Amino acid sequence: MLDPKLLREQPEAVAEKLATRGFVLDVAAFNALEAERKTLQVETEKLQNERNVHSKNIGILKGQGKDASAVLEQVNQLGDRLTQLSHELSAVQEKLHDFCAVMPNVPHDSVPIGKSEDDNVETARVGTPRTFSFEIKDHVALGEGLGQMSFDKAAKLTGSRFVVLHKHLAKLQRALTQFMLDIHINEHGYEESYVPYLVNDDSLFGTGQLPKFKEDLFTTTAGYSLIPTAEVSLTNLMRDEIVREEDLPLQWTAHTPCFRSEAGAYGKDTRGMIRQHQFEKVELVWICHPDESYNYLEKLRLHAETILQRLELPYRVLSLCTADIGFCSAKTYDLEVWLPAQNCYREISSCSNMGSFQARRMQARFRNSKTGKTELVHTLNGSGLAVGRTLVAIMENYQDEAGNIHIPKALQPYMGGLTVIGK
RNA sequence: GGAGAGAUGGCCGAGUGGUCGAAGGCGCUCCCCUGCUAAGGGAGUAUGGGGUUUAUAGCCUCAUCGAGGGUUCGAAUCCCUCUCUCUCCA
């Protein structure tokens, strides 16, 4: 959510910034709602104050054993008007809230302006894609060839967009998770948490999945939703909390499965593990001082890059343009890994600075040690990395002519010394 | 599954219709006093919103005692629903 004061004072400036990301802010509609809100709120609070004063007097009079019927009659006359006004006020406030709740974040000045994902800016390219002297296979052919990956079985158990992994491939996924967590915890200073995979609507509102992206979620009959990312569980740990300034920054990580309905993705990446309803991810979250968040975004991105480097996977870095950054994001870097079978780079991590956007939605604050006042923190998050896609990348990049998968050196200790996955 | 108890400020804990946003204690901050590894005295110390304002200063004001409804001139206190915690029984 954007700062309502900023919105009130400089609606045109905000509209201009939002326009760069393709969002049309109806300034006239907003101003009209705001004007209505102000009139109603001032009037309502005036009456409430009147009622409070009278009621207090009644209490005093009765306490002294005096007659209060005159005041009582006076305050009785306020009743209907007050009820009506407060109903009108809450209706307008709800409208305003709904209006603001679907407004995306304002992009940072350093974000390239663009009209589509084609305008994303490549800022780095690391590693060189390997050249193959044989006909390469994609991860599906490799996995099924090894008899350790089955989409048919998953379809039988559940439906489309799920996978079953067996034996060494199942272990490889687990190894990757462990490997990533170890690096982030031991080398990058993150604190690990185990968190719920089902969350309530307050949490989903806090991190911005609700109200706008309801259709992307799997929601249970109990009213809870499966997390689409651990960002929801981790970041919401800060909801309604006030931390000491000197305790910032907080760096949190968690490994969780993620669940996405992929509504609107029909026909997209239907083959293989690239776009699944359920996948594993190691998530990185920062809770920090507003002055530092853009510095930390660079660190966060490097932490994610480290994993790709250790696995010796070629990748590139994109600075997403205004048209492509996510709803909550003020600035986003995507890391894309090289997938030989697709002959292109595919997203494997997305690292974003949300600024105060999520913090405002969930009242996540710190106490300024100089002024003693509370201020909103900034929140950042990034994948470190998407484990399923990392598995795909390793399979495709490390295949040999026989259809075996060679294990990257850094990962071999996590595979009990295994160097090749074969039949 | 059944029965009961509870949820109050950073923490503990009073408060069952009225000058209560809330006693008291602890903690914390500031000040005073004190020559000895400390004690004493005083003051302050929740959060969010709105109005006014050059102002994130001040002033005024509204809301919040688990959440949401209701009764009432007035609700931490009474009623209803929900969530969570604890105890006992199965």
Side-chain angles (χ1 to χ4, degrees), chain A residues 1-10 30-31 33-101 195-196 198-206 210 219-225 236-248 289-291 355-378:
Chain A
M1 211 120 80
L2 297 175
D3 182 359
K5 280 184 188 135
L6 182 74
L7 218 42
R8 256 174 251 156
E9 285 159 18
Q10 307 175 38
F30 176 79
N31 285 342
L33 270 175
E34 243 312 292
E36 202 182 342
R37 187 229 99 224
K38 185 165 166 176
T39 312
L40 282 170
Q41 183 162 354
V42 168
E43 184 65 13
T44 304
E45 290 187 359
K46 202 183 105 192
L47 287 186
Q48 281 176 322
N49 175 239
E50 223 172 295
R51 181 204 59 199
N52 290 348
V53 169
H54 285 321
S55 294
K56 207 168 237 182
N57 282 336
I58 292 171
I60 293 170
L61 286 173
K62 287 204 169 176
Q64 297 170 340
K66 290 180 184 163
D67 174 42
S69 57
V71 191
L72 207 57
E73 191 159 320
Q74 231 179 322
V75 77
N76 261 327
Q77 292 171 354
L78 292 174
D80 289 346
R81 177 99 182 105
L82 188 53
T83 310
Q84 191 200 337
L85 274 176
S86 56
H87 281 145
E88 284 176 33
L89 176 61
S90 27
V92 170
Q93 275 174 330
E94 200 181 316
K95 271 191 212 168
L96 259 177
H97 181 265
D98 293 348
F99 192 94
C100 294
V195 293
L198 284 165
V199 293
N200 59 33
D201 285 357
D202 286 342
S203 295
L204 291 162
F205 181 83
L210 289 181
T219 301
T220 67
T221 50
Y224 301 139
S225 298
N236 272 286
L237 289 171
M238 264 305 287
R239 177 148 55 83
D240 295 318
E241 298 289 335
I242 303 171
V243 296
R244 296 185 305 179
E245 185 172 359
E246 53 268 35
D247 290 339
L248 297 175
H289 192 285
D291 295 347
S356 61
F357 190 85
Q358 292 180 327
R360 186 169 294 104
R361 286 176 159 249
M362 55 188 183
Q363 286 300 317
R365 294 155 295 168
F366 71 97
R367 194 172 298 283
N368 185 310
S369 53
K370 285 201 184 84
T371 64
K373 302 236 161 125
T374 58
E375 294 177 32
L376 296 169
V377 297
H378 278 195

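Throughout, protein chains are lettered first and strands after them, A, B, ... in sequence-line order, and every chain is numbered starting at 1. As the structure is a computational prediction, the values presented were derived from the model and not from experiment.
When all heavy atoms of A:Glu246 and A:Ser369 are compared, the pair lying nearest together is OE1-CB, 4.4 Å. What you find for A:Ser225 and A:Thr219 is that their closest heavy atoms are OG-OG1, 2.9 Å. Closest non-hydrogen pair, A:Phe99 versus A:Leu33, comes out as CD1-CD1, 4.3 Å.
B:G66 and B:U8 have their P atoms separated by 7 Å, with the value rounded to a whole Å. Here the separation of B:A43 from B:C26, taken at their P atoms, is 14 Å to the nearest Å. Annotation: B:U19 and B:C32 have their P atoms spaced 37 Å apart (nearest Å). Comparing the P positions of B:G10 and B:C60 gives a spacing of 24 Å, expressed to the nearest Å. Separating the C1' atom of B:A75 from that of B:U16 is a span of 11 Å, rounded to the nearest Å. Rounded to the nearest Å, the gap between the P atom of B:G21 and that of B:G13 is 24 Å. Annotation: B:C20 and B:C82 have their C1' atoms spaced 27 Å apart (nearest Å).
Note: A:Arg365 CZ to A:Glu241 CD = 9.0 Å, rounded to the nearest 0.5 Å. Atom-to-atom distance recorded for A:Glu245:CD and A:His289:NE2 is 4.0 Å, nearest 0.5 angstrom.
Comparing atom distances between the A:Ser55 side chain and each of B:U61, B:C73, B:U19 picks out B:C73 as nearest. Of all nucleotides listed (B:G51, B:C73, B:U47), B:C73 comes nearest to the side chain of A:Arg51. With B:G49, B:G18, B:U52 as the candidates, the nucleotide lying closest to the side chain of A:Lys38 is B:U52. Closest contact between the side chain of A:Ile60 and the listed nucleotides B:U19, B:C62, B:G49 involves B:U19. Looking at the side chain of A:Ile242, the nearest of the listed nucleotides B:U47, B:U61, B:G50 is B:U47. Of the listed nucleotides (B:G50, B:A46, B:A63), B:G50 has the atom at the smallest distance from the side chain of A:Gln41. Distance from the side chain of A:Gln48 is smallest for B:C62 among the nucleotides B:C62, B:C73, B:G48. In the set B:G50, B:C62, B:C73, the nucleotide with an atom closest to the side chain of A:Val42 is B:G50. Closest approach to the A:Lys62 side chain among B:C73, B:G48, B:G50 is made by B:C73 (side chain taken as heavy atoms from C-beta onward).
Remark: P of B:G74 and CD of A:Glu73 are 15 Å apart, rounded to the nearest angstrom. With rounding to whole Å, A:Leu47 atom CG is found 13 Å from B:G74 atom P. Atom CD of A:Glu9 and atom C1' of B:G51 are 13 Å apart (whole Å).
Base pairing analysis places B:G10 opposite B:C26; the two distances defining the Watson-Crick or G-U wobble pair are each below 3.5 Å. Using the Watson-Crick or G-U wobble rule with both distances under 3.5 Å, B:U64 pairs with B:A46. Look at B:G4: its Watson-Crick or wobble partner, with both distances under 3.5 angstrom, is B:C86. Both distances falling under 3.5 Å, in either a Watson-Crick or a G-U wobble arrangement, occur for no nucleotide opposite B:G74. B:A57 is unpaired under the criterion used here, namely a Watson-Crick or G-U wobble arrangement in which both key atom distances are under 3.5 Å. Under the Watson-Crick and G-U wobble criteria, each requiring two contacts below 3.5 Å, nucleotide B:C33 is left unpaired.
Residue A:Arg367 is in sugar-phosphate contact alone, with no base atom involved, counting any heavy-atom pair closer than 4.0 Å across all strands shown. Residue-level contact check: A:Thr371 touches neither bases nor backbone, having no heavy atom under 4.0 Å from any strand.
Of the possible polar contacts, one joining the A:His87 side chain to the A:Thr83 backbone as a donor-acceptor pair under 3.5 Å is found.
Close to B:C62, at under 4.0 Å from its OP1 or OP2, lies a side-chain N or O of A:Asn52. Contact annotation: A:Arg37 reaches the phosphate of B:G51 (side-chain N/O to OP1 or OP2, under 4.0 Å). Contact annotation: A:Arg8 side-chain N/O to B:G50 OP1/OP2 distance is under 4.0 Å. Taking side-chain N and O atoms only, A:Asn200 has no distance below 4.0 Å to OP1 or OP2 of B:U83. The phosphate of B:U56 (OP1 or OP2) has no side-chain N or O of A:Lys370 nearer than 4.0 angstrom.
Along RNA chain B, the nucleotide nearest A:Tyr224 and the nucleotide nearest A:Glu375 are compared for position; the residue whose nucleotide lies closer to the 5' end is A:Glu375. Heavy-atom nearest nucleotides on RNA chain B were determined for A:Val75 and for A:Gln363, and the one closer to the 5' end corresponds to A:Gln363.
Remark: the A:Glu45 side chain and the B:G49 base include a donor-acceptor N/O pair separated by less than 3.5 Å.
Of the N and O atoms on the side chains of A:Ser203 and A:Asn200, at least one donor lies less than 3.5 Å from an acceptor on the other residue.
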For this session: Check step by step if side chain to side chain contact (heavy atoms under 4.5 Å, CB included) holds for A:Met238 and A:Phe366.
Result: CA-CA 10 Å; A:Met238 264 305 287; A:Phe366 71 97; over 6 Å; no
